[in-house]
Structure formats: C-alpha cells, structure tokens
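A short write-up of the structure that comes next.
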2 protein chains.
Amino acid sequence: MAINRPERVTQRMIAELAGVSQATVSLVLNGKTDSTTRIPAETRQRVLEVIRETTYVADPAARSLAGVGNNLIGIFTYEHAFPHESSDFYTPLLTGIEGAAEQIGVDLLMFTSAPVVDGRRRLFHENNRLRLADGCLLLGREMDADELTRLVDSRYPFVAIGRRDAADGRIPYVGVDYGGATAQLARLAIDLGHRDFYYLHLPFAAESTRDRKDSLSAEVESAGLSVTMAVTESAEGADLDLAWAAIRKAQPTVLFVEDAGQAEALRDIAVADGVAVPEQLSIIALGERTRPSGHAVDFTRLSAPRQELGSRAVALLDQIMNGTRDSTELAHQQLVSCTVIAGATVAAPRVGSM
Amino acid sequence: MAINRPERVTQRMIAELAGVSQATVSLVLNGKTDSTTRIPAETRQRVLEVIRETTYVADPAARSLAGVGNNLIGIFTYEHAFPHESSDFYTPLLTGIEGAAEQIGVDLLMFTSAPVVDGRRRLFHENNRLRLADGCLLLGREMDADELTRLVDSRYPFVAIGRRDAADGRIPYVGVDYGGATAQLARLAIDLGHRDFYYLHLPFAAESTRDRKDSLSAEVESAGLSVTMAVTESAEGADLDLAWAAIRKAQPTVLFVEDAGQAEALRDIAVADGVAVPEQLSIIALGERTRPSGHAVDFTRLSAPRQELGSRAVALLDQIMNGTRDSTELAHQQLVSCTVIAGATVAAPRVGSM
DNA sequence: TTTCTGTGATGATACGTATAATCACTTTAT
DNA sequence: ATAAAGTGATTATACGTATCATCACAGAAA
C-alpha cells in the first residue's frame, strides 16, 4: 500500500531557491572538494542558508539507493528482544548497544517483523529486510547454523553475540569467556576440598552450554576427580523436582547449575528439603540473573559483562562495515572475560553432609 | 563513506534468469492484477521459482523511494531508551510496542543517532532521519512543544506516548489517565478521614505532572479541604532531606508523592526519623516503579498499564499510516485507565499523628 | 592570436523498484 | 471484412541523491 506521502522538500527545490543546480546542492551537503569539484565559500553559504530556512532533510532511502550507507545497524533477536515476563536477557545487551550506537551516530533497526516458526524467529524469509541496515547484530542463545553460513556467504556484514562455531569458524562474534570463569569456580570448589561434583546444565544446543560443560569437566578431571552431569530444560515445576531427587541421590557436596533461575529454585527446594546451603551443599551458578528478581540469596557465580558485550559488538560491526577507523584493528572473534563473584553459597564440605 | 556493497541480486537478474522483463518480476512480487496488468499462472510460477533459487530480497530503500511504505515504525526517545542504571522507564513500553509491531509485521527503528543537547535528544537536526520510517512513536516524559508543532505541520505520521497539549490539541497520542486514578486515591484518603494533605510533585513541565496536580487539587477542594504543595526534582540526597523537613513542619496526615522513587526514599527517611508509616503518616505514590528495586514496601499507588500503552500506540500509528483496517476507527487522542493499588502505606489518620 | 590552466558549476547517469502507458497479438463481435 | 475486446508482456519513467564527465569562461602563457 502506498504511503500517503506528504510533500517533501527535495534538493531540487533547494537548488531552485538558491539559483543553483541539484548537483551543487548535493556537493555542498556532502562537502566534496576534489580537484575537479569546487564550491566557493559564497555559493556554499547561500545554499546552506536556504537549507536552513526550508528545514530540508535528505531522504535516507534515496541516499541508500545512491550507494551511501544508511548509518543503520540492524538487531535481529531469535527470541523476543523485550521481556514478556521477567526474564530480561537482552536488556543489558541493548543498553550497551544503544550507548555505542549513539557514540558512532547510527540508528538501530529491530527486526521485529521476522516471522516466528517453532518459537523462534527466522532470519531468512520471503520478505527479508536485513539489507535495510548496513550491517546487523545477531542476538540469541542459539542460532541456526545453516542461516549463519548462508549469511557469511552472502558477505553481508554482521556480528553474532556469543561464540559461534558454525561456518568453519568464519563467523564474526563477540562472546563471553564462560570457560575461563567456569574453570576458576571449579578450582575454587576443588581448593575448598570438594570431591563430589554435580552439574545440572541445559540441553546441548548453544556453544555457551558446551563451553561451560567442557571447562568444568576438564578442570575437575585435571584434579583427578569427576563430575556427575544431568540435564534439565525448564526452570520450574516437576522437572526440577525430579532433578533434585537425582541430585539428592548422588549426594554431591557441590552443585553447579548452568541456569541462574534453576539455581535459585534448587536452593529453595534444598532448603525446604532440610538441606542447608552452603553448609551441607554448596551451589555455584554458572550464570546470572540480571535483575534482583526478589531472590535475596547472593549466589557464588560468574557474571558476564553483557553491557560491554553489546558495545564491543557494535564497535566490531562498525569496523567490518566501514573499515578500521584508527590503527587498532579489532579481532573478528573476541571473548570478553567473566567476573567471578564470591557470593555466599559456597563453603568447605562437611563429611557426610547430605 | 560508501558502503562496501556486496553484489546484490536485483529484479533485473531475476528477470534475465526467468526470461521476462524486470517489470514482470515486480508485478509478480506485488501480486498486482488490474484489468490492464495480467500475469498468467505459468509465468508467475516460473518467476517465483527463480526467486526462490536466488534468495532474492527486495531492497527496502528502493521500495521506499518508489513510494511504497517500508513497514518501519520509528521510535524516538527523548531520553535513553535502555536504562543506563536501574531506572527502566521504557522497558514495559517497548515490550508492548514490540509485541504489537510483530503482530502487524513492522520493524522498529530506534533513533539513537539523534544528537543530545542539554541532556535531551533533538528531534530535528541536520541529518534528520525520521523519514526512513513510515511513521514514528515519540516517547519521553517531556517533549519540546515547538518540535511537536513542526512535526504535526509536516504531516508526518506519528503518535506521542503520553498526553500532549501542544499544537492546539492536534497531537495524536495515547496517554495515561493519571487524573482519574489520582482522584480515586484522593477520595480514598478523604474517606478514611484525612484532612491534612501534602503533595510533593515534580517541576511542572510534563502534562502528566499537571494532570495529577489538577486532579488532586480538585478532588480535595471538592471536599472543602486543601492540599499543601511542594516541588522537588531529584529523588535523592539533600533535596529530599529539605523536602522532608518541610513536610515535617506542615504536619500532614497523608503525603502524596508523584515520583515513586521519591516516595520510597521519603518513607525510609520518615521511618528513620521516627515517623511510622502508615500509622502516623500515610504515603500515596502517584506513580510506580516497574521493577522490584529491592524496596519491599507495598505502596498505595496508581499503576499505569505501560505495556498496553505501547501496543495501543502502535495500533493507532498503524491506523494513521495505513488507514483504518476494519470498521473500528481509533480515536487520535486516547487515555488508558490506571489501576489503583490498595497497598499498605495508607491508614486512617490518628489525632496528632506526627 | 592561440593555447593552456584553473575556476565554478551543470548535465547526465546510476542506484533498484513500482507502475502507468503502450504494444503485439489473438479472439470475439459487428 | 473490419472493428472491438481481451491477453500477455514490455517500455518508459518516476522516486531523490551522489558523483563522474563535461562545459563555459576567465586569465595566463605561448
């Protein structure tokens, strides 16, 4: 459907008013000064004056079509960008992105129109609008490997947030070094004297899940120990009760939980079940709630700098789109370090604790 | 700076591959079927087949230039859209906006590149990019009346969030009926027996501030009573201590506070000062924190349905941009009702309470 | 005078899409 | 038989901006 297009002020009108050609107006606006293209100060002033009076603004679409970038960064989120309930995974990321975008003077385009199938947005579909942006940021815990590969092949500038393996390692990303922090936390538990480890993680789909698992295994095994693993998807309900039953049976002294929400819920279940945390059972979360969430417990956990993640992703994308601005060339695959938060859910194990 | 433009698949290429003209491709894509423009099914299939193979996507900029809408809704926020600290005023709004945008299949363009002067973004500036979107949502507690007027005059489709007086009432908005809820809360206090009212509000700049003040005054005065008013801008520090000193001196039995953050802080100050809430002093907040914020007190307050505000604004903008879809024509100026939350900070006054 | 060199500005064109105007051809009506 | 109507597709053009190639002209050099 055609837009009810209000009369627009164009360069041609400016040109008429200033008594010059449209080309001259464009040259003035873009400040070109080749040896073959010269605008004397007097003419320049006259044109600028008219522009000021008419409140002319260039049509971004026309600029884009003419081959100039749009100063637009797209944001594609595989899930909803804004929290429908209380799980606001994206908010700190977006905060960082917004700040960086403002700094380099680009607008943000959120691809909310991408159709959702099987609970996830699809990047490619018949009315794919990625090209409206000069480049794109991809957010989401899991991403479709085929789509990523296709995107790389299309040579469209983009940066994934979170480490991505697909496409033979050709995917530019800014990720979180979950491995390093996980190893630190494992080391902490080992040093405290823990010997019976249990890890409750999410289903293996995202790289970040695998990273944590691998790192935890490696660290524990390097101490000649081993860790019992279990998977749970949901953060509530019967699944978690089942998970707790299994944990109870295994009698670990320290419990690692990938998902922060699950960690909170399990602590409550444990306490309700007469198991003191951390006296009888230490719990370490390999993730973090971004908001207080009403849960007062200060978990021993890792903390990902999501805001920094966002701003660094913008910087990288900017570089990919526009080339290096200064001498510092950014790596196309980056990991930012996690902080380890001591918290209050870890203690030395007691003999026969559970 | 020119974008490193990757080779794009254009309609012309599709046309060559399918053995038709570019125009035919366009016609197929747009499904036109005038009496003068007919595409037989066989040709249509052939073209669609080629498109499917080539992963062609239309260039939105070109479409826009050709006079077709972009299915883009702009979001202009006078302050940062995403919280830099913890005050996330916009998040629930954006949640509502995102959901509605997804439903009608439009993307969201956040104007983060607008330059900030005097701590606020400017709508109009030399590289105004509003036109990139088909229409625009305006968010912010206060908006520049001149800018709004200019926007109305430009006939650019937009909707303000929050009631706006400017431009002789020609501004389309979806606002919150603070007045109604404020009157209810005032009535509540009156009915409980309160006679000594005090109102601490923000500086008069936003319409919403004025609405609450007017409504509170009217309700209290209709009961033959009066309310002492005071202004404080900041939600912390010395200002608030001063404000409290003034309140203390006036000895009200019920304190209305516009800003929820101030209300929380004042309650803490009151309690620390030996004044029990609500036994000795009732406090009513005419606003709400969107997040728990660690403050456990359940304030008697009004609660604005911000998510609904967002989705209704999108619906209205959609109507303004595209005309009415079904028979229900939306009003260009709407107020959505507030909920009144009973809370635990109001009680009947005691004689000589403070 | 003629030729060269710089100066100031313009015309033409490309970008990719949408669509009105038109054309060639076939079938039906007169 | 010719005109009218219908069918399938194409050509031409507009949208607003950026930029290359070009031009007119003045003054300097030959």
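Below, chains carry the letters A, B, ... as their sequence lines are ordered, and counting in each starts from 1. Below, each value reflects all heavy atoms present in this structure, side chains not excepted, and no hydrogens, waters or symmetry copies.
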Quiz prompt | Contact check, side chains of Val28(A) and Leu48(A), non-hydrogen atoms, under 4.5 Å | solution = yes

Self-check item: Ile320(A) and Phe158(A), any side-chain heavy atoms less than 4.5 Å apart
Solution: no

Quiz item: Rounded to whole angstroms, how far apart are CD on Gln45(B) and P on dA9(D)?
Solution: 13 Å

Quiz item: When the distance from CG of Asp134(B) to P of dC15(D) is rounded to whole Å, what number comes out?
Solution: 19 Å

Quiz prompt | Length of the CG-C1' vector between Leu65(A) and dA18(D), whole Å | solution = 11 Å

Quiz prompt | Under-4.0 Å side-chain N/O to phosphate OP1/OP2 contact, Arg12(B) with dG16(C) | solution = no

Exercise. Please examine the side chains of Arg312(B) and Leu330(B), heavy atoms only from C-beta on, and report whether any two atoms are closer than 4.5 Å.
Key: no

Self-check item: Relative orientation of the end axes in the helix from dT1(C)-dA30(D) to dA29(C)-dT2(D), expressed as an angle to the nearest 10° (five pairs per end)
Solution: 80°

Quiz prompt | Rounded interatomic separation in angstrom, taking CG from Asn30(A) and P from dG16(D) | solution = 17 Å

Name the atoms and distances for all side-chain donor-acceptor pairs under 3.5 Å in residues 136-144 of chain B, with sequence neighbours left out.
unit_1	atom_1	unit_2	atom_2	d
Arg141(B)	NH1	Thr209(B)	OG1	3.3
Asp144(B)	OD1	Asp146(B)	N	2.9
Asp144(B)	OD1	Glu147(B)	N	3.0

Quiz item: Can we say Arg52(A) and Glu49(A) salt-bridge, meaning some charged N sits less than 4.0 Å from an Asp/Glu carboxylate O?
Solution: yes

Self-check item: Between dT10(D) (C1') and Gln11(B) (CD): distance, integer Å
Solution: 14 Å

For nucleotides 4-14 of chain C, which of its nitrogen or oxygen atoms have a protein nitrogen or oxygen under 3.5 Å away, and what is each distance?
unit_1	atom_1	unit_2	atom_2	d
dG8(C)	N7	Arg38(A)	NE	3.1
dG8(C)	N7	Arg38(A)	NH2	2.6
dG8(C)	O6	Arg38(A)	NH2	3.0
dA9(C)	OP1	Thr43(A)	OG1	2.9
dA9(C)	OP2	Thr43(A)	OG1	2.8
dA9(C)	N6	Thr36(A)	O	3.1
dT10(C)	OP2	Ser21(A)	N	3.0
dT10(C)	OP2	Ser21(A)	OG	2.9
dT10(C)	OP2	Thr24(A)	OG1	2.6

Quiz item: So His332(B) and Leu316(B), side chain to side chain contact (heavy atoms under 4.5 Å, CB included) or not? Walk me through it.
Solution: CA-CA 7 Å; His332(B) 279 214; Leu316(B) 177 55; 4.2 Å; yes

Quiz item: Heavy-atom distance under 4.5 Å between the side chains of Tyr56(B) and Val25(B), does that happen here?
Solution: no

Exercise. Could you state the atom-to-atom distance from CZ of Arg63(B) to C1' of dC15(D) in whole Å?
Key: 14 Å

Quiz item: Can a salt bridge be assigned to the pair Asp153(B) and Arg170(B) using a cut-off of 4.0 Å between side-chain N and carboxylate O?
Solution: yes

